[in-house]
Amino acid sequence: MSIFSKLQAGLSKTTRQLGAVFASFTGANDDFFDELEETLILADVGATLSSTIVEELRAIVLKNALKGVDEIKSALTDILTEKLGDNKAGLSINTKPSIILIIGVNGVGKTTTIGKLATRYTNQGKKVLLCAGDTFRAAAGEQLSIWAERSNADIVRREEGADPASVVFDAISAGKARGVDIIICDTAGRFHNKSNLMNELAKICRIINRELPDADREVLLVLDATTGQNGLMQAREFKDTADLTGIVLTKLDGTAKGGIVYAVANELSIPVKLIGVGEKAEDLIDFNPREFSEAVLA
Ligand SMILES: Nc1nc2c(ncn2[C@@H]2O[C@H](COP(=O)(O)OP(=O)(O)OP(=O)(O)O)[C@@H](O)[C@H]2O)c(=O)[nH]1
Ligand SMILES: [Mg+2]
């Protein structure tokens with residue numbers, strides 16, 4: 001299965017439901033627009049945004065006297081794409097070293113995403129150093145070590161319970177000394193309590209600012225797309241602590257409905273940069289707003 005077909009398979013429920021709305025299309029009337037709005041809400045787009053999208057579509061259909069299903073679908077694709085904002089694909093990590101900090105609550109797919117990124121960049125001939133900043137669980141460092149081995153990346157790892165910010169400090173020092181291209185930091189998704197987690201993250205951010213003031217940096221918040229609107233709440237909290245540069249939405253191959261991408265991008269004004277469509281090293285896609293919207297309406 002190609003990576004893109006994994007995404008299409010993951011989105012199939014939403015695609016089918018939207019397809020049904022268009023299949024029963026008898027004219028651009030209230031019934032059609034109401035049904036479309038309901039379907040968008042069911043797909044996790046969120047009530048407010050779904051209503052905005054449908055109102056915009058209604059206006060365009062009226063203004064341009066659109067009648068056919070294909071024209072209306074194409075107008076909807078444009079509106080959906082536009083809601084995803086200006087999305088320059090790819091990460092900006094051009095300095096040597098540059099750093100990627102991966103954050104998010106537990107279980108969303110942080111460590112797996114790091115494994116995928118490490119694989120991508122070592123395959124491009126880049127020297128990658130992983131930083132086991134999740135010292136909360138011993139198993140976390142173990143899991144990252146396995147990814148380091150698989151992807152031919154280096155790793156800086158310390159004992160369980162070590163201060164996460166000091167592991168990041170060590171990784172940055174090692175990265176500079178060894179002349180690596182990219183340092184990718186894992187972090188814990190869980191701590192003794194939530195304020196501890198945010199304090200630790202703030203400390204890590206301060207260390208990065210201090211030790212790599214001029215380096216390119218991506219701070220990526222990983223969200224599990226299957227958790228729907230709950231992901232939005234997580235994003236708001238993390239946004240207050242770290243200067244997020246992008247979102248990684250994982251598990252879009254699963255039972256996710258896809259609409260959450262629009263809710264996240266629109267409400268947080270943070271670009272979705274990558275999507276995860278499986279557990280394997282290659283299951284990572286650079287997010288492309290138009291491609292995604294076309295897949296949703298396929
Ligand atoms: N289907 C699917 N599963 C995924 C994806 N990304 C991660 N997973 C799975 O989700 C589970 C959790 O992934 P981890 O990478 O360990 O998540 P984490 O955020 O590092 O979790 P903590 O370290 O506990 O905070 C694992 O079983 C992964 O294989 C994805 O894109 N699709
Ligand atoms: Mg992890």
Side-chain angles (χ1 to χ4, degrees), residues 91 93 97-115 117-118 129-145 147-148 155-176 182-224 227 229-250 264 267-274 276:
L91 307 181
I93 37 166
S98 44
I99 188 160
I100 305 174
L101 179 65
I102 301 287
I103 63 181
V105 302
N106 61 293
V108 289
K110 294 181 296 297
T111 307
T112 307
T113 299
I114 291 170
L117 285 170
L129 175 68
L130 304 186
C131 167
D134 180 357
T135 56
F136 189 64
R137 297 178 302 121
E142 195 50 48
Q143 189 189 356
L144 196 69
S145 294
W147 276 113
I155 182 167
V156 166
R157 182 183 164 190
R158 293 252 298 273
E159 74 285 357
E160 182 183 348
D163 172 33
S166 75
V167 186
V168 172
F169 177 88
D170 288 352
I172 293 174
S173 308
K176 286 177 182 169
I182 308 164
I183 302 166
I184 311 178
C185 298
D186 197 10
T187 59
R190 182 173 26 178
F191 228 77
H192 307 290
N193 62 52
K194 203 190 287 163
S195 73
N196 261 338
L197 175 67
M198 294 302 171
N199 287 341
E200 284 305 330
L201 277 182
K203 243 165 88 184
I204 290 173
C205 292
R206 281 199 298 275
I207 292 288
I208 295 174
N209 285 339
R210 197 183 75 201
E211 299 303 316
L212 288 174
D214 301 317
D216 281 352
R217 174 184 326 169
E218 291 279 355
V219 181
L220 303 179
L221 176 68
V222 181
L223 297 176
D224 174 345
T227 60
Q229 295 279 322
N230 191 19
L232 269 180
M233 276 158 52
Q234 292 165 20
R236 284 194 202 101
E237 287 177 36
F238 279 96
K239 200 181 169 189
D240 288 338
T241 303
D243 290 325
L244 302 178
T245 60
I247 304 275
V248 182
L249 265 179
T250 58
V264 165
E267 206 172 305
L268 303 168
S269 315
I270 303 167
V272 176
K273 293 205 168 168
L274 297 161

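Here, residue 1 is the first one in the sequence, and each next residue gets the next number.
You'll find the side chain of Ile270 stays beyond 4.5 Å of the side chain of Leu221, heavy atoms only. Contact annotation: the side chain of Glu142 never approaches that of Arg137 to less than 4.5 Å [non-hydrogen atoms, C-beta and beyond]. Residues Phe238 and Leu201 meet the side-chain proximity criterion, which asks for heavy atoms closer than 4.5 Å. Side-chain contact between Ile93 and Glu218 is present, with heavy atoms from C-beta onward closer than 4.5 Å. Using a 4.5 Å heavy-atom threshold, the side chains of Pro97 and Ile182 count as separate. The closest side-chain heavy-atom distance from Pro271 to Ile247 is not below 4.5 Å. Counting heavy atoms from C-beta outward, Arg217 and Ile208 have side chains that approach closer than 4.5 Å. No side-chain heavy atom of Trp147 sits under 4.5 Å from any side-chain heavy atom of Ile155.
Of the possible polar contacts, none joining the Thr111 side chain to the Leu144 backbone as a donor-acceptor pair under 3.5 Å is found. At least one donor-acceptor pair under 3.5 Å links the side chain of Lys239 to the backbone N or O of Leu268. Remark: side-chain polar atoms of Thr113 are not paired, donor with acceptor, to backbone N or O of Gly276 under 3.5 angstrom. With hydrogens and angles ignored, the 3.5 Å screen pairs no side-chain donor or acceptor of Lys203 with any backbone N or O of Ser166.
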Inset, instruction - Would you sort out whether Val167 and Cys131 count as a side chain to side chain contact (heavy atoms under 4.5 Å, CB included), showing the intermediate values? - result: CA-CA 7 Å; Val167 186; Cys131 167; 4.0 Å; yes
Inset, instruction - Mind running salt bridge (charged side-chain N to carboxylate O under 4.0 Å, His left out) on Lys110 and Asp186 for me, showing each step along the way? - result: CA-CA 7 Å; Lys110 294 181 296 297; Asp186 197 10; 5.8 Å; no
Inset, instruction - Could you give me the CA-CA distance, side-chain angles and deciding distance for Arg158 and Asp170, then say whether side chain to side chain contact (heavy atoms under 4.5 Å, CB included) is met? - result: CA-CA 10 Å; Arg158 293 252 298 273; Asp170 288 352; 2.5 Å; yes
Inset, instruction - Show the numbers, then the answer: is there a side chain to side chain contact (heavy atoms under 4.5 Å, CB included) between Ile114 and Leu117? - result: CA-CA 5 Å; Ile114 291 170; Leu117 285 170; 5.5 Å; no
Inset, instruction - Please report the C-alpha distance between Leu101 and Cys205 in whole Å, then the side-chain angles of each, then the deciding distance to 0.1 Å, and finally whether the side chain to side chain contact (heavy atoms under 4.5 Å, CB included) criterion is met. - result: CA-CA 9 Å; Leu101 179 65; Cys205 292; 4.0 Å; yes
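Ala202 approaches Thr241 most closely through the heavy-atom pair N-CG2, 4.0 Å. Among all heavy-atom pairs drawn from Glu200 and Ala165, the shortest one is OE1-N, 4.4 Å. Contact record, Ile183 with Gly175: CD1-CA, 4.2 Å, taken as the closest heavy-atom pair. Taking every heavy atom of both residues into account, Leu130 and Ala118 meet most closely at CD2-CB, 4.0 Å. Across all their heavy atoms, Ser145 and Arg157 have their closest contact at OG-NH1, 3.0 Å.
Atom CG of Asp240 has more than 12 heavy atoms from other residues, nucleotides or ligands within 6.0 Å.
Thr135 and Glu160 form no side-chain donor-acceptor contact under 3.5 Å, judged by distance and modelled atom types alone. In this model, no donor atom of one side chain and acceptor atom of the other lie less than 3.5 Å apart for Thr187 and Asp134.
For the pairing with Leu249, the side-chain contact (heavy atoms from CB on, under 4.5 Å) check across Asp224, Leu274, Val222, Leu223 returns one residue only, Leu223.
For the atom pair CD1 of Ile103 and CD1 of Ile204, the computed distance is 9.0 Å after rounding to the nearest 0.5 Å. Going from atom CD1 of Ile100 over to atom CG of Leu220 covers 6.5 Å, rounded to the nearest 0.5 Å. Atom CE of Met233 and atom OG1 of Thr227 lie 10.0 Å apart (nearest 0.5 Å).
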